[in-house]
Asks: 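Below is a structure I'd like to ask you about.
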Number of protein chains: 2
Amino acid sequence: MHELLITQMSYLIRLSEEEKEWIRQVFAIKTYEKGEYFLREGQVCREAGFIVEGMVRYVLTRDDGEELTVDFNKEMEYTCNYASFLDKSPSETAIQCIEPTTIIVISYDDLQEIYARFAEGQKFGRLICEFLYVQAIKKVQSLYTNEPEKRYLQFMDVYSTLVPRLPQYYISSYVGVKPPSLSRIRKRLAK
Amino acid sequence: MHELLITQMSYLIRLSEEEKEWIRQVFAIKTYEKGEYFLREGQVCREAGFIVEGMVRYVLTRDDGEELTVDFNKEMEYTCNYASFLDKSPSETAIQCIEPTTIIVISYDDLQEIYARFAEGQKFGRLICEFLYVQAIKKVQSLYTNEPEKRYLQFMDVYSTLVPRLPQYYISSYVGVKPPSLSRIRKRLAK
DNA sequence: GCCATTCGTTAACCTGGGTTAATAAATCTA
DNA sequence: TAGATTTATTAACCCAGGTTAACGAATGGC
């Protein structure tokens with residue numbers, strides 16, 4: 001299980017044998033039922049996770065109580081509310097498992113150990129963050145420039161493998177419209 | 001001029017005297033007229049900059065040719081198309097100086113030198129990226145949850161010092177609506 | 001397999017932003 | 001200062017998405 005993470009990390013940095021062993025020691029395995037929360041809104045995110053199996057969604061609750069699904073992560077991806085994790089602020093988004101999910105997690109302090117003690121620890125932190133940043137900025141650009149219809153098409157393209165695992169209303173939320181509107185979009189596109 | 005940057009960097013990491021001296025050597029001073037481009041769309045962003053004086057806007061051009069202003073940076077802030085800079089990809093946004101602007105710049109390679117040779121170089125890169133990431137994710141959240149009216153109010157709040165330096169249509173673009181719509185919003189709020 | 005629940009679509013009506021164009025105000029420029 | 005240009009507002013009309021509610025379809029639990 002930890003080997004999947006070590007493989008993933010090895011794409012980014014070199015790991016010594018001791019470092020690999022440390023990873024095996026320090027990451028804890030957690031399992032969640034469908035519907036359970038990896039992180040609740042308002043909590044400080046004190047752990048970063050690597051999803052071994054399953055899927056999570058990021059849930060943003062509006063002032064009026066409506067829940068929006070703004071992102072997904074699946075197996076072989078990291079999951080964390082990084083903003084909350086970094087500055088120990090209350091999380092604005094919840095992270096909910098939408099399938100039975102297994103996540104291996106590391107605490108904030110242990111991750112700082114990786115940053116500090118691994119030969120390329122800081123670099124690992126930087127590369128992860130750079131990846132997340134580029135992803136976030138592309139999303140901003142898409143929200144600025146693309147109509148819902150185009151964002152829907154892009155979603156179906158980029159997340160095609162996820163689609164069969166997702167209800168329609170998570171997708172409509174991600175795209176930024178309500179379910180009836182997504183239905184209309186799908187109807188328009190059907191022609 | 002470089003001392004401003006050194007001050008700024010010192011908020012994030014410790015700098016030795018040699019490191020400070022290296023910064024003075026390697027950052028080059030560039031000046032721009034109002035309207036000139038720090039970076040054009042399609043170019044690879046090969047330099048990161050620190051704005052000593054003036055202001056820039058980030059310009060995203062839609063498929064239909066319309067220019068959107070999606071962000072601003074002013075004096076004492078960094079400017080860079082980080083996504084392009086990181087992976088040497090063609091920039092999707094231009095960076096235009098909207099006032100007479102002075103920027104001190106560092107090349108990609110020299111910045112890698114900082115990452116590699118400064119005692120806390122990797123940490124500096126990580127912290128900058130973390131800051132940018134948190135900013136980007138907050139923007140995504142705002143685009144998802146806030147109506148244009150609310151985003152306008154937030155802009156007026158957060159960027160209040162910038163407002164007198166900006167034309168209305170940059171603000172409307174940033175908020176995500178067209179000028180007539182921003183006029184309507186302002187009219188509604190006037191009551 | 002049956003019932004209850006959840007989910008996706010559709011219809012009718014509403015609303016707020018887009019579009020276009022005209023006008024007024026502010027800014028530049030010579 | 002006058003004239004040209006740019007910028008901001010307004011009006012009229014259009015349209016896509018929101019809202020609400022109804023109705024099937026799919027799903028889940030027992």
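So that the names make sense, note that chain A is the first sequence line, chain B the second, and so on, each numbered from 1. Values reported hereafter were calculated over all heavy atoms of this structure, with side chains retained and with hydrogens, waters and symmetry mates removed.
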Asks: Using the side chain to side chain contact (heavy atoms under 4.5 Å, CB included) rule, pick out the option among I103(B), N73(B), I104(B) that qualifies with F50(B).
Replies: I104(B)

Asks: Distance check needed: dT10(C) P versus Y169(A) OH, whole Å only.
Replies: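 For the pair Y169(A) OH and dT10(C) P, the rounded distance is 19 Å.
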
Asks: Measure the distance from CD1 on I98(B) to C1' on dT27(C) and round it to the nearest whole Å.
Replies: 17 Å

Asks: Between atom CD in Q168(B) and atom C1' in dA26(C), what is the gap in whole Å?
Replies: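 Rounding to the nearest Å, CD of Q168(B) and C1' of dA26(C) are 13 Å apart.
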
Asks: Expressed as a whole number of angstroms, how long is the span from Y152(B):OH to dG16(C):C1'?
Replies: 17 Å

Asks: CZ of R186(B) versus C1' of dT7(D): gap in Å, rounded?
Replies: 12 Å

Asks: Let me know the distance between CD of E67(A) and P of dT6(C), rounded to the nearest Å.
Replies: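 The distance from CD of E67(A) to P of dT6(C) comes to 14 Å, rounded to the nearest Å.
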
Asks: Any chance you could list the contact pattern along nucleotides 12-20 of chain D? Use B for base contacts, S for sugar-phosphate-only contacts and - for none, protein heavy atoms under 4.0 Å, 5' to 3'.
Replies: B----BBBB

Asks: By nearest atom, which of the nucleotides dA11(D), dG8(C), dT7(D) is closest to the K187(B) side chain?
Replies: dA11(D)

Asks: Less than 6.0 angstrom from the centroid, inside 45 degrees of the normal: does K88(B) satisfy that with respect to the ring of Y108(B)?
Replies: yes

Asks: Look at E19(A) together with R117(A) and state whether they make a salt bridge at an N to O cut-off of under 4.0 Å.
Replies: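 No salt bridge links E19(A) with R117(A).
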
Asks: Could you state the CD1-P distance from I171(B) to dT7(D), rounded to the nearest angstrom?
Replies: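 Atom-to-atom, I171(B) to dT7(D), this comes out as 13 Å.
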
Asks: Please determine if R151(A) and E147(A) form a salt bridge, counting it only when a charged side-chain N lies under 4.0 Å from a carboxylate O.
Replies: no

Asks: Determine, for K150(A) against D157(A), whether the closest basic-nitrogen to carboxylate-oxygen distance falls under 4.0 angstrom.
Replies: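 No, no charged N to carboxylate O under 4.0 Å.
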
Asks: Could you state the OH-C1' distance from Y170(B) to dA8(D), rounded to the nearest angstrom?
Replies: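 That distance rounds to 15 Å.
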
Asks: Check this for me: does any side-chain nitrogen of one of K178(A) and E66(A) sit under 4.0 Å from a carboxylate oxygen of the other?
Replies: yes

